[in-house]
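First the structure, in the form of structure tokens, and then the observations on it.
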2 protein chains.
Amino acid sequence: MHKIRPHVNCTSKNMKNGTPRPANVRSARARKTNFKVASDGRASRTYFPFRYKAYLDAEISRSDKFSGCGASPSFSLRPNMMKEETARDNTNNSESEKTPQVANDPPEEDIVDPWLVQASSNKGIDYDKLIVKFGSERIDDALLHRFEKVTGHKPHHFLRRGIFFSHRELQKILTLVENGTKFFLYTGRGPSSEAMHLGHLVPFLMTKWLQDVFDVPLVIQMTDDEKFLWRDLDLEDTYRLAYENAKDIIAVGFDINKTFIFSDLDFVNGEFYKNVLRVQKHVTFNQVKGIFGFDESSNIGKIMFPAIQAVPSFSSSFPFIFGDKKDVPCLIPCAIDQDPYFRMTRDVAPKLGFLKPALIHSTFFPALQGANSKMSASDENSSIFLTDTPKQITKKINKYAFSGGKDTEEEHREKGGDCEIDVSYMYLSFFLEDDEELEKIRVQYSSGKMLTGELKARLIEILQELVGGHQERRAAVTDDDVKQFMKRRSLNF
Amino acid sequence: MHKIRPHVNCTSKNMKNGTPRPANVRSARARKTNFKVASDGRASRTYFPFRYKAYLDAEISRSDKFSGCGASPSFSLRPNMMKEETARDNTNNSESEKTPQVANDPPEEDIVDPWLVQASSNKGIDYDKLIVKFGSERIDDALLHRFEKVTGHKPHHFLRRGIFFSHRELQKILTLVENGTKFFLYTGRGPSSEAMHLGHLVPFLMTKWLQDVFDVPLVIQMTDDEKFLWRDLDLEDTYRLAYENAKDIIAVGFDINKTFIFSDLDFVNGEFYKNVLRVQKHVTFNQVKGIFGFDESSNIGKIMFPAIQAVPSFSSSFPFIFGDKKDVPCLIPCAIDQDPYFRMTRDVAPKLGFLKPALIHSTFFPALQGANSKMSASDENSSIFLTDTPKQITKKINKYAFSGGKDTEEEHREKGGDCEIDVSYMYLSFFLEDDEELEKIRVQYSSGKMLTGELKARLIEILQELVGGHQERRAAVTDDDVKQFMKRRSLNF
């Protein structure tokens with residue numbers, strides 16, 4: 001368990017009231033703010049924890065110290081990081097310290113581990129402290145400039161807006177690319193539900209972009225075994241979900257000639273299993289206890305599982321892709337809550353004669369109700385699902401997206417909306433690619449010139465297009481396509 | 001860790017001296033006893049812990065209480081139970097409580113777990129207490145009578161001589177057979193060395209006989225993963241040894257149409273892996289700690305491994321053999337030190353809707369130096385290997401087999417030899433099938449009529465034939481044969 005004591009001291013000049021509003025007044029409030037208010041035109045502090053200045057309008061006044069006080073997007077790579085209320089241990093083994101805490105009862109310190117992300121403040125996770133705690137490095141302007149220089153590509157807006165904000169050895173990957181050395185990408189998903197939401201899409205969008213930019217092979221692990229070990233699900237369920245979710249992943253547009261998707265239940269064997277054993281031999285119970293918070297009552301599947309998530313980092317786990325090359329470097333795009341797995345992996349790798357994987361870490365995707373609210377699979381109104389109709393998207397955004405607008409049009413026109421806590425604005429920052437338009441919206445909304453209704457209307461338009469396009473592409477994915485992506489085969493490498 | 005407090009109180013009338021001889025004087029003594037001594041003709045107490053009276057000469061005086069004071073054969077199913085000095089944890093994780101103890105420093109109580117068997121007394125393990133401790137049942141006369149009635153076969157001499165002495169639900173298996181229901185056999189080997197010895201052969205001889213008698217399928221697990229996790233061996237080593245050892249196993253004469261041999265490194269996947277996960281989900285660290293003595297510094301591979309050894313007990317792990325039949329009963333012949341794995345398996349099975357496996361347990365095969373001495377892979381003189389030449393067999397038996405004969409021919413003729421501690425006699429009881437001849441030897445040796453040299457000469461003859469025959473059959477086993485035995489396929493069932 002990684003508990004971060006943020007000792008948050010929010011002093012943003014645009015925050016009139018640092019006190020969190022009780023969760024139960026939020027949705028009512030969200031419905032009320034769809035009207036016009038006066039503007040004072042002043043710039044709001046951006047909510048991005050680590051914004052790449054060179055790619056955003058430099059006019060905005062901005063705190064030099066990146067503070068987690070900024071409302072935090074809260075998506076994650078795998079659904080077990082969805083902050084679902086069912087995400088904690090619900091097998092026969094209790095891990096009492098991981099009982100989900102309700103939004104009104106925040107923990108004393110931020111909790112970020114692969115099974116629970118919970119902010120101690122209504123401003124969300126303090127990512128600055130998380131970097132210190134985890135020992136990773138910030139993706140800063142200098143690194144992004146180098147990224148552009150090496151790749152010839154303007155960094156993706158997830159990078160320039162600080163949504164992917166932290167890394168381990170991304171520098172090294174860039175050096176390899178400069179030297180003409182190939183690497184491979186590895187990401188994954190834990191298939192615990194049919195319904196993937198917008199947050200689940202984010203790491204795959206990032207990964208696809210990286211695959212296109214670097215022209216490298218990609219392996220995608222579906223941890224159906226993990227979901228079985230942690231959830232009250234049968235193997236038949238998680239296996240079926242792995243295949244269903246694979247269709248959504250394929251619909252993102254991955255290149256079949258460069259992408260291998262695998263279900264652990266299908267794939268754990270041979271060289272992969274051998275690497276699992278190699279990792280397991282070098283990791284003790286004390287170590288996984290320290291890293292993941294397992295205890296004596298944890299089941300032995302959970303205890304061994306970290307090795308399963310570790311080994312796709314090693315090219316020798318995929319001989320049909322990499323032949324006998326055991327030293328192909330790996331870059332893992334993932335949400336920061338997955339870092340414990342890869343800290344362990346990086347610790348073990350040298351002992352096995354393998355390379356440490358490099359990582360880039362994202363922040364979390366926020367629930368409609370706000371950055372420190374939980375997305376719940378049982379509450380369809382906590383997020384936009386990839387199966388939602390245009391009408392559902394309109395309704396959810398208008399009705400549930402927590403607003404940073406003021407209580408009356410008059411007040412809003414006068415004081416402006418608060419982008420730091422406005423979920424619609426956060427969602428725009430994820431999915432509106434045009435920096436200029438986003439900045440214009442930010443300035444206008446913060447100044448009170450733009451009203452919540454207008455902001456939401458633009459978001460609805462973008463999400464309807466995004467989700468509609470996804471649904472079209474997903475409908476075109478056949479069972480045979482899935483089989484092809486999941487077939488052990490050589491890739492263009 | 002299973003520590004058995006025997007509080008041994010040996011009162012055999014034929015034991016003049018209950019005090020163990022120091023180990024370092026034994027081999028010298030073994031060399032000295034090959035001469036003639038006077039006989040008093042009295043019957044010796046048999047060394048078998050649990051002898052099936054109906055199949056042995058009823059004339060022999062015999063203690064009613066089966067006492068572990070009897071010198072105990074000490075073979076075991078898997079080589080990690082060879083009592084080798086290297087058999088303990090020699091990976092990076094210390095399990096200090098399992099440090100091998102030298103013969104001169106016996107533990108206060110018997111230790112019997114899958115990685116160490118050590119007797120607290122020079123008389124070997126107290127099997128009577130072990131049955132109580134483990135909660136298994138004795139294979140008694142009544143059960144063997146029923147066995148003969150149901151199968152129409154006189155029980156194998158391993159059964160009638162109490163070498164397989166304990167069971168769990170063998171009654172149930174016999175009832176199934178009476179009702180015409182088929183079951184399957186499961187046994188295994190941990191391939192940690194090229195050199196298999198006589199003790200390794202014993203469970204396979206028993207299993208082959210059972211396969212012939214019951215006409216049932218057999219699965220044989222080669223735990224190359226386990227050997228890697230516990231020993232200072234590479235996966236490449238244990239994998240190669242699995243194939244080499246498979247040749248010795250095939251040479252025992254298993255029916256290729258009814259036998260599937262598998263290496264875990266090859267075979268852990270699919271339905272097998274799914275069952276592994278099912279078991280792992282229902283077993284906690286606390287449980288494996290209690291059963292196997294793991295601690296917080298144990299590697300997570302060891303912690304998860306018991307599930308790998310458990311799941312061949314379930315027919316659903318082998319869909320290519322049993323189709324969709326998930327309820328085919330299983331009988332496991334193994335050395336008693338493997339029982340912890342299957343106690344765990346039997347505990348978990350009902351939670352998964354699977355049948356509990358039945359078991360028959362053997363005692364241990366003794367080292368040449370005696371029942372409480374360790375067989376060591378690094379000491380080729382501690383056992384007869386299946387690769388030994390006739391000359392080596394002659395030399396080893398004559399030079400190293402601990403003798404129960406007396407120090408002078410005169411004394412031997414007068415007082416007789418002690419079959420309870422005589423390793424050559426113990427070996428004869430394993431490999432001389434003729435009950436009458438064995439009993440004649442026992443009576444003559446115990447009375448002093450037969451001398452150690454004569455006893456050893458007969459053993460040498462038998463072992464040369466046994467080992468020579470094995471070598472011939474093994475030489476005929478081709479790589480293709482191994483592939484055929486290890487191919488996933490349907491079996492006659």
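Note that the structure is a prediction, hence the values are computed from the model and not measured. Just so it is clear: chains get the letters A, B, ... in the order the sequence lines come, proteins before strands, and each one is counted from 1.
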message: Could you walk me through whether B:Phe305 and A:Met304 satisfy the side chain to side chain contact (heavy atoms under 4.5 Å, CB included) test, starting with their C-alpha distance in whole Å, then the side-chain angles of each, then the deciding distance to 0.1 Å, before giving a yes or no?
response: CA-CA 9 Å; B:Phe305 177 77; A:Met304 72 88 199; over 6 Å; no
message: If we count only N and O atoms by modelled type, under 3.5 Å, do the side chains of B:Tyr273 and A:Asp264 hold a donor and an acceptor together?
response: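 There is no such pair between these side chains.
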If we only count heavy atoms from C-beta on, is the [X] to [Y] side-chain gap below 4.5 Å?
X	Y	answer
B:Glu296	A:Glu296	yes
A:Val283	B:Asn299	no
B:Ile300	A:Val279	no
B:Leu277	A:Leu265	yes

task: Kindly check if the number of other-residue, nucleotide or ligand heavy atoms within 6.0 Å of CG (B:Asp480) is above 12?
output: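 Yes.
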message: Ring centroids only, cut at 6.0 angstrom: are A:Phe294 and B:Phe285 within range, meaning strictly under it?
response: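 No; B:Phe285 has its ring centre 6.0 Å or more from that of A:Phe294.
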Nearest-0.5 Å distance that lies between atom [atom1] in [X] and atom [atom2] in [Y]:
X	Y	atom1	atom2	result
A:Asn269	B:Phe272	CG	CZ	12.5 Å
A:Gln280	B:Asp225	CD	CG	9.5 Å
A:Asn286	B:Asp295	CG	CG	8.0 Å

task: Check whether A:Leu235 gets within reach of chain B through its side chain, its backbone, both or neither, counting any heavy atom under 4.5 Å.
output: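 Looking at A:Leu235, just its side chain touches chain B.
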task: For the pair A:Glu226 and B:Lys281, evaluate salt bridge (charged side-chain N to carboxylate O under 4.0 Å, His left out) and give the outcome as yes or no after the intermediate values.
output: CA-CA 10 Å; A:Glu226 176 209 9; B:Lys281 187 169 179 174; over 6 Å; no
field: Under 4.5 Å from a heavy atom of chain A, the part of B:Val268 involved
entry: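 The answer is both parts of B:Val268.
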message: Could you tell me if A:Lys274 sits above the aromatic ring of B:Tyr239, with its cationic atom closer than 6.0 Å to the ring centre and no more than 45 degrees from the axis?
response: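 Geometry flag: set, cation within 6.0 Å and 45°.
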